[in-house]
Every structure is written in structure tokens, then in C-alpha cells.
Amino acid sequence: MMKEIKYLYNINSEYDGDLGFEPDDIEATVSKIINLLLNMDEIFDNSCLNGFKFKSISFDILFTDDSKIQEVNRDYRNKNVSTDVITFALFADDDFKMVMEDDIYLGEILISVDTAKKQAKDGVKNEVSTLITHGILHLLGFDHQTEEDYNFIVNIQDRVLNLL
């Protein structure tokens, strides 16, 4: 289990409307999410980080709208529909995993604020936190091709959100 890792992330928004949450609140939440995840043995031990020497991990989060996420989904996943979150897990999916200057760049998380607002049962911030947790799990190499894997990810998401 890793304890002293720097988390470097950029949060950007190209969403034109009201986000429905304060960006500063989300920034603090991201640090808590990644810290909680990496301090769970079953996550770190089975993640793409295990076995690598590094001092920091970095990734990007982009808030966008349904139109943009549909375009990305169409162009990169051949699915011409909008969705809530798309990740580009660059480190997890790379056969030649590189650690540059003791940093691992995990990739990028795109979140549709439009879809997050539609799905929000306990507020937009909670839904966005769920999607960020989901995205980070993908960046760490977790996928949900089977029902068992999906249930594992949802269980971890619920545990993290309950601890926030």
C-alpha cells in the first residue's frame, strides 16, 4: 500500500452552463478520493501502479456537455451516444508503461455535466464525485467487462463515497 504519493491533477471545464457545484469543492474531493482508493489494499495491489517506483501520479479531469462527450464517444469508441464518463487510461492501457521523472501520468477523465445532472439523486456534486471515482478506477486499470467486475467497481465507489 502506498502512503506518500503526490497527486497532481488538472481540472478543466468547457461546460458553458452552471456546473451545479463549486469547482473548489470538487478539487478537495478529488484528493480525498484518490487517497482513499490508493490506501485500499485491494485497489493498489491490483492496480496498474503496483510494481512501479514513483513519487507522484497525475491525471486530467475535463467537465463537458452531452454534445462533446457524444462526439468523443463516437470518434473513439464507435458509440454515437452521450454518456456520463469516458476515460483515457493511458498508463493502464500502455504496453510500455513509462515513469517520467518519478511521475506516472494516468490519463484523462471526461465527465458530461449534462448527464451528471440528469442522473443526480443526491445532488450534482455527489454524482460528479461518483463519476470521478469511477473514472479514477478506470485510470488505475479497473474495468467492468463482466457483471462481477461491475459489481466490484460499484462496491468500491459506494465505499469511497460513504467515507467522503
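- Looking only at atom types and distance, the side chain of T64 has a donor-acceptor partner in the side chain of E14 under 3.5 Å away.
- Under the ring pair (Phe, Tyr, Trp, His ring centres under 6.0 Å) criterion, Y105 pairs with no residue at all, not counting sequence neighbours.
- Y15 and S112 form no side-chain donor-acceptor contact under 3.5 Å, judged by distance and modelled atom types alone.
- If you chain together hydrophobic residues whose side chains sit under 4.5 Å apart, L62 and Y7 never meet in one group.
- A chain of hydrophobic side-chain contacts below 4.5 Å, direct or via other Ile, Leu, Val, Met, Phe, Trp or Tyr residues, connects V30 to I5.
- F52 has its ring centre less than 6.0 Å from the ring centre of F91.
- Between K55 and D103, every side-chain heavy-atom pair lies at or beyond the 4.5 Å cut-off.
- Checked by atom type, the side-chain pair T115/D66 shows a donor-acceptor distance below 3.5 Å.
- Taking the six-membered ring where tryptophan is involved, the planes of F88 and Y76 are perpendicular, since the angle between them exceeds 60° and thus also 30°.
- Taking all atoms of both residues into account, the shortest heavy-atom contact from A116 to V128 is CB-CG2, 4.0 Å.
- A salt bridge does not link K118 to E127: none of the charged nitrogens lies less than 4.0 Å from a carboxylate oxygen.
- With a 4.5 Å cut-off on side-chain heavy atoms, I69 and I86 count as touching.
- I43 and L163 fall within a single hydrophobic cluster, where Ile, Leu, Val, Met, Phe, Trp and Tyr are joined by side-chain heavy atoms under 4.5 Å apart, directly or via other members.
- Under 3.5 Å, the side chains of N35 and N39 contain a donor-acceptor pair of N or O atoms.
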